[in-house]
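I have placed the structure first, in the form of structure tokens, so that the comments after it can refer back to it.
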Amino acid sequence: MNAIEQESIWTQKYTEYLHNSAARPARIVYQRDRARVIHSASFRRLQSKTQIFGLNESDFFRTRLTHSMEVAQIGSGMVEQLITDGDNQAYLDWLPSFYLIEAICLAHDLGHPPFGHGGEVALNYMMRHHGGFEGNAQTLRILSKLGEYTPDNGIDLSRRATLGVLKYPAIYDDVIKLNSAYLTQLEEPDVTDFKTWNMQAWYPPKSIYKEEQIIFDWVLAPFSAKDRALFTALDQSDVKHHVKTCYKGFDTTIMELADDIAYGIHDLEDAVAMKMVTRDLWQAEVMDNTLFKTYGLWDNLMTERLFSGSSKSRKHAVSKMVGLMVEHVYVAENSDFNHPLLRYQACLPEAQGVVLDLLKQFVFKNVITIPEVKGMEYKGQLIVMELFKALDANAERLLPSNTLKKVKKAQSERERKRVICDYIAGMTNTYASRLYEKFFMPKSGSIFDRL
């Protein structure tokens, strides 16, 4: 079947599948997908979740919300570029609409917990015996279960939008079974003093939860058995770390490129504005880097604008960098797959890809991993872990009534822990900090505080 003949398969929502009802036209479905994400509580909460810098640093710097909006803008720009360059190209029939790619990009970070990847690792440790925690897996859980648009099926996006958000098509439990070192860690005694806890060993595998197996199977149902097997295959070559999935869907590759560009360039802008990276450091590690000199996408005028001290000049430089990436996106084909949504892949040319990786490494080394940022991440981890410990031990006293009802309905300890995990994962940085102070700081909190 061609793209038009398959349209109703990919515009179908899970609730329509359950009730055997017809899907609406793509134009309506993908517009509503985007609207549901934008108007969801999970999306609004991203305004108070960390991107890189703490929320109290300034109201200028990016949050998860503004980051997601920028990813959506870059993603739609890439689709527009592929349309412009796509005369008579077969991929045009399968290119996502602007509504669809924006829905996917806006939804991609919905599952990130408070305090960024630090909070993610903390929750993974607390859930280590009960299915784990991972931000992308939590995104799928919000879309398929926790979101407010349906009683039982979450935000309930179309099959194609859900596939687009699915960055890592593997089950958490299956991935950790292939990591002997991680399994050994699971046998270690529980940490009693979280201040002495080493987070490095508890990074979660990129995956989805076993609890979402049904929705996972529904999303992949239109593909052949061969395509499904290859799409969910795991690369086991790195025996020291978690195994990883190897492939992504067409729409996901566009979203991920947009995400990488936003991370490598827009987050760089925040670091420059905050004077966390100097012109000399930029010159030494980027402009004078051998790889950059090989591909040289821009000259020293970009440096002048980036570090001029003028916000207008800096923005001009950042926009130029983004444009140099977006304007060169192209579609490659992986002939190992039969279905176009798996066979087509959005890519950057070698030069743009190498330079983008260099920018990402620069931001990671000089911003993400510096002690000042890691110290705030560490504090956030302690908040998350202490909250989990207290709420788990004192559910009757401390949980809000709607969450307590879910805890009481849980059929297993794993399900019970997942409810508490969902509650904490949905908190903003601000809410989690306030709740911590209410519980543990003698002079903070009031009986009039709403939970």
Side-chain angles (χ1 to χ4, degrees), residues 13-15 18 30 32-51 63-65 67-69 71-72 100 102-117 119-120 123-124 127 130-169 171-172 204 206-219 251-252 255 259 384 388 400 402-403 406-407 410 415 417-429 431-432:
K13 297 178 182 294
Y14 188 62
T15 50
L18 291 177
Y30 298 140
R32 289 189 174 183
D33 280 347
R34 186 185 67 166
R36 285 190 174 195
V37 173
I38 290 173
H39 295 291
S40 68
S42 296
F43 185 70
R44 290 197 304 277
R45 291 189 185 111
L46 295 179
Q47 68 187 308
S48 295
K49 292 193 178 187
T50 302
Q51 177 64 12
T63 65
R64 286 280 171 188
L65 180 67
H67 165 76
S68 297
M69 293 167 65
V71 172
L100 174 59
E102 287 177 4
I104 292 168
C105 291
L106 291 170
H108 86 282
D109 263 354
L110 290 183
H112 271 263
F115 310 108
H117 291 293
E120 180 182 40
L123 282 175
N124 184 51
M127 290 292 292
H130 306 282
F133 180 86
E134 201 272 335
N136 298 283
Q138 193 69 15
T139 294
L140 181 60
R141 185 164 174 79
I142 290 169
L143 296 180
S144 61
K145 281 195 176 70
L146 303 181
E148 60 269 62
Y149 283 94
T150 63
D152 302 308
N153 300 306
I155 296 177
D156 195 32
L157 300 185
S158 65
R159 180 188 261 119
R160 183 164 174 180
T162 308
L163 173 66
V165 177
L166 196 63
K167 292 176 66 173
Y168 306 106
I171 302 297
Y172 183 103
K206 300 298 185 182
S207 56
I208 61 175
Y209 306 137
K210 186 70 175 177
E211 287 85 344
E212 276 64 69
Q213 179 77 60
I214 293 176
I215 198 78
F216 184 44
D217 292 341
W218 168 74
V219 170
D251 302 339
T252 315
M255 176 267 285
D259 193 19
V384 167
F388 195 109
N402 59 336
T403 305
K406 295 178 183 178
V407 166
E415 187 178 345
K417 288 282 202 303
R418 182 62 68 191
V419 173
I420 295 171
C421 182
D422 289 339
Y423 175 52
I424 296 176
M427 293 180 183
T428 63
N429 292 27
Y431 184 91

Please check if the side chain of Asn136 supplies one atom and the backbone of Lys167 the other of a donor-acceptor pair under 3.5 Å.
-> no
Considering all heavy atoms, the nearest Glu148-His39 contact | OE2-O, 4.3 Å
May I ask you to say whether Arg418 pairs ionically with Glu211, meaning some side-chain N is under 4.0 Å from a carboxylate O?
-> yes
Given side chains that start at C-beta, do those of Tyr172 and Ile208 come closer than 4.5 Å, heavy atoms only?
-> no
Output the distance between atom CE (Met255) and atom CG (Leu166), rounded to the nearest 0.5 Å.
-> 9.0 Å
Between the side chains of Asn124 and Glu120, does any donor sit under 3.5 Å from an acceptor?
-> no
Does Asp422 offer a backbone N or O that forms a donor-acceptor pair with the side chain of Gln138 under 3.5 Å?
-> no
Is there a side-chain contact between Ile171 and Gln213 (heavy atoms, below 4.5 Å)?
-> yes
Of all the heavy-atom pairs spanning Phe133 and Tyr209, show the shortest one and how long it is.
-> CD1-OH, 3.1 Å
Pairwise distance SG(Cys421) to CZ(Arg141) - rounded to 0.5 angstrom | 8.5 Å
What closest approach, in Å, do Asn429 and Phe115 show between heavy atoms, and which atom pair accounts for it?
-> OD1-N, 3.0 Å
How about Asp33 and Ser158: does a side-chain donor come under 3.5 Å of a side-chain acceptor?
-> yes
Mind checking the CZ-CG spacing from Phe216 to Leu140? Nearest 0.5 Å is all I need.
-> 9.0 Å
Interatomic distance, OH@Tyr149 vs CZ@Arg32, rounded to 0.5 Å, equals 11.5 Å
Closest non-hydrogen contact found for Val37 with Ala103 is CG2-O, 4.1 Å
Is the Lys NZ or Arg CZ of Arg45 less than 6.0 Å from the centre of Tyr431's six-membered ring, within 45° of the axis?
-> no
Run the salt-bridge test on Lys145 and Asp152 with the 4.0 Å N-O cut-off and return the result as yes or no.
-> no
Tell me whether the centres of the aromatic rings in His112 and His67 are closer together than 6.0 Å.
-> no
Just wondering, are more than 12 heavy atoms of other shown residues or ligands nearer than 6.0 Å to CE in Met69?
-> no
Give a yes or no answer on whether the side chain of Gln47 reaches the backbone of Arg44 with a donor-acceptor pair at less than 3.5 Å.
-> yes
Can Glu134 and Tyr168 be said to form a side-chain hydrogen bond (donor to acceptor under 3.5 Å, both in side chains), step by step?
-> CA-CA 11 Å; Glu134 201 272 335; Tyr168 306 106; over 6 Å; no
Where is the tightest heavy-atom contact between Leu110 and Thr139, given as atom of each residue plus distance?
-> N-OG1, 3.7 Å
Please answer whether the main-chain N or O of Ser48 pairs with a side-chain N or O of Arg64 as donor and acceptor at a distance below 3.5 Å.
-> no
Please tell me if the side chains of Tyr14 and Ile214 come closer than 4.5 Å, counting only heavy atoms from C-beta onward.
-> yes
Taken to the nearest 0.5 Å, the spacing of Leu123 CG from Phe388 CZ works out to 7.0 Å
Are any non-hydrogen side-chain atoms of Ile104 and His108 less than 4.5 angstrom apart?
-> no
Hey, does Arg160 have a side-chain heavy atom less than 4.5 Å from the side chain of Tyr30?
-> yes
List the atom of Pro113, the atom of Gly119, and the distance in Å for their closest heavy-atom pair.
-> CG-C, 3.8 Å
Would you find a donor on one side and an acceptor on the other, under 3.5 Å apart, between the side chain of Asn153 and the backbone of Thr15?
-> no
Report the C-alpha distance between Asp156 and Lys13 in whole Å, list the side-chain angles of each, state the deciding distance to 0.1 Å, and finish with yes or no for salt bridge (charged side-chain N to carboxylate O under 4.0 Å, His left out).
-> CA-CA 6 Å; Asp156 195 32; Lys13 297 178 182 294; 5.6 Å; no
Kindly compute the distance separating OG (Ser40) from CG (Leu143), expressed to the nearest 0.5 Å.
-> 8.5 Å
Judged by atom type as modelled, is there a donor-acceptor pair below 3.5 Å linking the side chain of Arg36 to the main-chain atoms of Ile155?
-> yes
